[in-house]
Student: 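One structure, as C-alpha cells, below. Some questions next.
Numbers restart at 1 for each chain; the letters A, B, ... are given by sequence-line order, proteins then strands.
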Protein chains: 2
Amino acid sequence: MEARDRGTTRRSPGRRPGPSETRQAILDAALRAFSTRGFRGASLRAIAADAGVDPALIRHFFGDKASLFAAAVADGSDVVARLVGAFEGGGPDLGRRVADAYLRLWEDPETLAVLRAILGTVLTSPEAMPPLRDMMLASVAVHAPGGAGSAGVMLAASQLLGLAVMRHILQVPALATLDREHVVAMVAPTIDRYLATEAAAG
Amino acid sequence: MEARDRGTTRRSPGRRPGPSETRQAILDAALRAFSTRGFRGASLRAIAADAGVDPALIRHFFGDKASLFAAAVADGSDVVARLVGAFEGGGPDLGRRVADAYLRLWEDPETLAVLRAILGTVLTSPEAMPPLRDMMLASVAVHAPGGAGSAGVMLAASQLLGLAVMRHILQVPALATLDREHVVAMVAPTIDRYLATEAAAG
DNA sequence: TCAAGAATTCCACAAGTGAGGAATGAGGGC
DNA sequence: GCCCTCATTCCTCACTTGTGGAATTCTTGA
C-alpha cells in the first residue's frame, strides 16, 4: 500500500514539479498485480490506484495492457541471467550449485513476483502459453548441458519448478519452514542423477 | 464446441420437453472454462454460451460463481480417491506405482481440467489459496506414510507436481513426447529416495 | 383435470473493464 | 522570455461482468 493519498482529493492536472519517478511506481504496482491476480485478473485501474496515479498515465507510458505486462516482467528480470550463472564451471557439485542458485532466486521477492506473474498468466490465458514457454526454454537451451531437448535437463527443471511452487507459492509448511541448505541437500542428488542419466543416454 | 446452435435464433422461454441434461452440460462447460481461464477469467456468460444455455440458468442451478466452481471441480474429482489407491500395500516398488498412478491421473482429460482449474485459481486469486491448499494437503495427509507434515513426502509430491506441470500444462516437448513408462522409470528412484529419507529421519 | 414446481427464456441494472481524446501544468532548449 | 515536449489530470465511450426479477412452458403428482 504505498499509494499516495488520493481519496477524494482532486489533484490538478499537469506535470508535477521535480523529477518523475511515476513510471517506476507503475511498473512496481503492475508486477504486484500481475503476480497475484494474473494477467486478466489485474486491472489497469487497480494498478494505477496502487501506484497513486491516474489510469490514463499507464496508457501514456506503456500503450496497452499487454505491453505493460511485458515491461513489468522484463523490468524485474535479470532472472535467467542470474540462474544460468550456476551452470558455469561444471565441477562435481553441479546439482548442489544449481539447486541453491534456483532456490535463492525464488527467495528474492521481486523475482518471485516475476515468476508468479508468468506462471499465473501461462495458466490462465492459453494464447500466451506457447510464447512464454518457448522464451523460458530458449534461455535454458543455451546454458544447460544437453539443451532444452534433453529429457534429463527437463526432469531436473521439473523437480526445481515443483519444489518452488510448493515452497514459495502454495507455501506448504513442511517445505516452506525448512531452511534452504537443508532442502538443497535433499534435492541435489536428484538433480545430479538426472543430469548424469542424460549424459549417459545422449 | 458442443454448443447448440443459437446464433441469432430466438428460442422461446419455458421448459423443454423431455428430461433435462442441461445441468451437466453447464458443469462440463464450467470445467472447461475454469481450467483454461482460471476463476476470474472464466465468465458466466461464456460458460452459458458454451453450454448452449441462457446465463440465468446458471444462477438458477448453482447460485453464484463460487458455488459453480465448487460444483464443477467436485463433479470431476474422485481425483484424490484414485491417487491414494497407489499408496495401498507398501511393497518394494512404491515409488514406481505412485508415479505411474499420478501420471495416469493427468492423462485423463477431465482430471487434467480439474487440476488445471484448481492450480490456475490458486495462482490467480490469493484468497482462494489457503483453503484449496489445505484441502489437498488434508487428502494427502491421511494416506501418505508420514503425513503431510513430512518433508520427504512433500518433496516427492513436488517432483510429481513439477513433472505434471511441465509435461501436461507447459507441454515441454522433451517430456511431453516421452511415453509414460519411460518417464516413470526415470522418476521412480527419486520418489523412493525421498520416501526412504523420510523414514530414516523421522 | 388442475395445481405446484421445475426448467427455461428475456430484459435490466449497477459496477467494472480497456481504450482514447482534450485540457493543463512543468521543464528544457533556444 | 518562448515554444516544444513531456507528465499529468479529467471525462467519455463501448463493452463485459455478475446478479436479479418477471414471464413462459413443460413435468409431475394429487
Student: Tell me: NE2 of A:His60 to C1' of C:dA23, nearest whole Å?
Tutor: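 Taking NE2 of A:His60 and C1' of C:dA23, I get 14 Å after rounding.
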
Student: Looking at residues at least two apart in the chain, or sitting in another chain, which of them share a side-chain hydrogen bond (donor to acceptor under 3.5 Å, both in side chains) with A:Asp100?
Tutor: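 For A:Asp100 the side-chain hydrogen bond (donor to acceptor under 3.5 Å, both in side chains) partners, ignoring immediate neighbours, are A:Arg104, A:Arg180.
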
Student: With salt bridge (charged side-chain N to carboxylate O under 4.0 Å, His left out) as the rule and sequence neighbours excluded, what pairs involving residues 117-129 of chain A come up?
Tutor: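 Checked against salt bridge (charged side-chain N to carboxylate O under 4.0 Å, His left out) - neighbours excluded - the pairs reaching residues 117-129 of chain A are A:Glu127-B:Arg37.
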
Student: Side chains of A:Leu137 and A:Met154: does their closest heavy-atom pair fall under 4.5 Å?
Tutor: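 Yes, side chains in contact.
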
Student: Hey, does A:Leu31 have a side-chain heavy atom less than 4.5 Å from the side chain of A:Glu110?
Tutor: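 A:Glu110 reaches A:Leu31 side chain to side chain.
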
Student: Check whether any side-chain heavy atom of A:Phe34 lies under 4.5 Å from a side-chain heavy atom of A:Thr121, and answer yes or no.
Tutor: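 They are not in contact (no side-chain heavy atoms under 4.5 Å apart), so the answer is no.
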
Student: Separation of B:Phe62 atom CZ from D:dT19 atom P, in whole Å?
Tutor: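 B:Phe62 atom CZ is separated from D:dT19 atom P by 14 Å.
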
Student: Between the opening five pairs and the closing five pairs of the helix from C:dT1-D:dA30 to C:dC30-D:dG1, how far apart are the helix axes, to 10°?
Tutor: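 Comparing the axis at each end, I get an angle of 10°.
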
Student: Which residues satisfy the side-chain hydrogen bond (donor to acceptor under 3.5 Å, both in side chains) test with B:Asp64, sequence neighbours excluded?
Tutor: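 Partners of B:Asp64 by the side-chain hydrogen bond (donor to acceptor under 3.5 Å, both in side chains) criterion, ordered by chain and then number, come out as B:Ser67.
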
Student: In whole angstrom, what separates B:Arg37's CZ from D:dT17's P?
Tutor: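 These atoms are roughly 11 Å apart.
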
Student: Does A:Arg59 have a side-chain nitrogen or oxygen under 4.0 Å from the phosphate oxygens OP1 or OP2 of C:dG20?
Tutor: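 Yes, such a contact exists.
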
Student: With sequence neighbours excluded, tell me which residues meet side-chain hydrogen bond (donor to acceptor under 3.5 Å, both in side chains) with B:Arg15.
Tutor: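 side-chain hydrogen bond (donor to acceptor under 3.5 Å, both in side chains) list for B:Arg15, sorted by chain: empty.
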
Student: Using whole Å, what does the distance between atom P of nucleotide C:dA6 and atom CD1 of B:Ile26 come to?
Tutor: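 After rounding, the reported distance stands at 16 Å.
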
Student: Taking the nucleotide of DNA chain D with the closest heavy atom to each, which residue, B:Phe39 or A:Phe61, is nearer the 5' end?
Tutor: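 Closer to the 5' end of DNA chain D: A:Phe61.
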
Student: Backbone N or O of A:Ala128 within a donor-acceptor pair of the A:Ser125 side chain at under 3.5 Å?
Tutor: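 Pair absent, no side-chain N/O of A:Ser125 close to backbone of A:Ala128.
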
Student: In whole angstrom, give the distance that lies between atom CG of B:Asp64 and atom C1' of D:dT19.
Tutor: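 In whole Å, D:dT19 C1' lies 9 Å from B:Asp64 CG.
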
Student: For DNA chain C, which residues of residues 40-47 of chain A approach it to below 4.0 angstrom with any heavy atom?
Tutor: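 Hits under 4.0 Å, by residue number: A:Ala42, A:Ser43, A:Leu44, A:Arg45.
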
Student: Can you give me the closest heavy-atom contact between B:Ala29 and B:Asp50, atom names plus distance?
Tutor: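 Heavy atoms only, the tightest pair is CB-OD2, 3.5 Å.
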
Student: When the distance from CZ of B:Arg23 to P of C:dA7 is rounded to whole Å, what number comes out?
Tutor: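 Between P of C:dA7 and CZ of B:Arg23: 9 Å.
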
Student: From D:dA7, C:dG18, C:dT8, pick the nucleotide closest to the side chain of A:Thr22?
Tutor: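 Shortest atom-to-atom distance from the side chain points to D:dA7.
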
Student: Who passes side chain to side chain contact (heavy atoms under 4.5 Å, CB included) against A:Thr177, sequence neighbours left out?
Tutor: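 A:Thr177: no side chain to side chain contact (heavy atoms under 4.5 Å, CB included) contacts found.
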
Student: Let me know the distance between CD1 of B:Ile58 and P of C:dA7, rounded to the nearest Å.
Tutor: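 To the nearest whole Å, that distance equals 15 Å.
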
Student: Quick one, give me the B/S/- string for nucleotides 22-30 of chain D, reading 5' to 3', where B means a protein heavy atom under 4.0 Å from the base and S means that only happens at the primed atoms, P, OP1 or OP2.
Tutor: --BBBS---

Student: Got a list of protein N/O to nucleotides 1-4 of chain C N/O distances below 3.5 Å?
Tutor:
none

Student: Quick check on C:dA6: is either OP1 or OP2 less than 4.0 Å from any side-chain nitrogen or oxygen of B:Ser20?
Tutor: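 No, no such contact exists.
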
Student: Side chains of B:Leu94 and B:Val98: does their closest heavy-atom pair fall under 4.5 Å?
Tutor: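 Yes. Closest side-chain heavy atoms under 4.5 Å.
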
Student: Could you state the CG-P distance from B:Asp54 to C:dC11, rounded to the nearest angstrom?
Tutor: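 Rounded to whole Å, this separation is 10 Å.
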
Student: Excluding sequence neighbours, so at least two apart, what forms side-chain hydrogen bond (donor to acceptor under 3.5 Å, both in side chains) with B:Ser20?
Tutor: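 B:Ser20 satisfies side-chain hydrogen bond (donor to acceptor under 3.5 Å, both in side chains) with B:Thr22 only.
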
Student: Can you sort out the partners of B:Leu27 under side chain to side chain contact (heavy atoms under 4.5 Å, CB included), two or more places apart, ordered by chain and number?
Tutor: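 Per chain and number, B:Leu27 pairs via side chain to side chain contact (heavy atoms under 4.5 Å, CB included) with B:Gln24, B:Phe62, B:Leu68, B:Ala71, B:Ala72, B:Asp75.
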
Student: Please tabulate, for the side chains in residues 156-176 of chain A, all donor-acceptor contacts under 3.5 angstrom to protein atoms that are two or more places apart in sequence or on a different chain.
Tutor:
{"unit_1": "A:Ser158", "atom_1": "OG", "unit_2": "A:Leu155", "atom_2": "O", "d": "2.7"}
{"unit_1": "A:Ser158", "atom_1": "OG", "unit_2": "B:Gln159", "atom_2": "NE2", "d": "3.0"}
{"unit_1": "A:Gln159", "atom_1": "OE1", "unit_2": "B:Tyr194", "atom_2": "OH", "d": "2.8"}
{"unit_1": "A:Gln159", "atom_1": "NE2", "unit_2": "B:Ser158", "atom_2": "OG", "d": "3.0"}
{"unit_1": "A:Arg167", "atom_1": "NH1", "unit_2": "A:Leu175", "atom_2": "O", "d": "2.9"}
{"unit_1": "A:Arg167", "atom_1": "NH1", "unit_2": "A:Leu178", "atom_2": "O", "d": "2.9"}
{"unit_1": "A:Arg167", "atom_1": "NH2", "unit_2": "A:Glu107", "atom_2": "OE2", "d": "3.1"}

